[in-house]
Each structure stands twice: as C-alpha cells, then as structure tokens.
Amino acid sequence: MEKDETIIEDDETKTTMKVPTDLLDDFKHLAIDMKTTVTALIIESMRLYIKDIKKR
C-alpha cells in the first residue's frame, strides 16, 4: 500500500465528495492538459463560484 504524501496546510481541510464520473474525467483530462492537479482545479472552481455568487 502506498503512503499518502498529501500535505494539508493549517488552513485546509481534507474532505470526501461524490462527483459524477463524467465530470471527474473531464477534470482529470483538464488537469493533465494544464499540468496541474484535479484538487487545484476544484479549489479554483469553488473560489470562482463563490466570487460569482457574491456579485449577484
């Protein structure tokens, strides 16, 4: 079994979510294309969503 090397900062919380497979696949492909991680894309998506909601 591999050791989890994920580093959690003091201001971050690890969570589990259920995501539709097709959406996760899209995020995985995008992450590869952008040379980043799925986690980074999801965090950025959440920040942009909150920013958009607050503008309304």
Side-chain angles (χ1 to χ4, degrees):
M1 182 181 243
E2 294 180 6
K3 183 179 177 186
D4 186 3
E5 300 284 335
T6 305
I7 298 172
I8 303 294
E9 299 293 329
D10 289 340
D11 65 341
E12 295 179 339
T13 302
K14 191 172 186 177
T15 189
T16 302
M17 303 182 326
K18 290 186 179 184
V19 179
T21 303
D22 58 335
L23 184 59
L24 182 59
D25 288 345
D26 288 343
F27 268 89
K28 286 179 180 178
H29 291 293
L30 186 59
I32 291 169
D33 293 344
M34 296 179 70
K35 297 181 181 175
T36 189
T37 63
V38 172
T39 300
L41 291 176
I42 291 172
I43 290 169
E44 182 65 19
S45 298
M46 293 171 79
R47 286 186 175 137
L48 291 172
Y49 178 77
I50 294 295
K51 186 177 179 179
D52 184 51
I53 290 295
K54 287 182 177 180
K55 284 183 180 178
R56 294 182 189 175

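This is a predicted model, so every value here is computed, not measured.
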Just verifying a value: how many Å separate [X] [atom1] and [Y] [atom2], rounded to the nearest 0.5 Å?
X: E12; Y: I43; atom1: CD; atom2: CD1; result: 6.0 Å
X: L48; Y: D52; atom1: CG; atom2: CG; result: 8.5 Å
X: K14; Y: T39; atom1: NZ; atom2: OG1; result: 9.5 Å
X: K55; Y: I50; atom1: NZ; atom2: CD1; result: 13.0 Å

Listed partners of D33 passing salt bridge (charged side-chain N to carboxylate O under 4.0 Å, His left out), at least two apart:
none
Co-membership, hydrophobic cluster, residues [X] and [Y], 4.5 Å side-chain:
X: I32; Y: V38; result: no
X: Y49; Y: I42; result: no
X: F27; Y: M34; result: yes

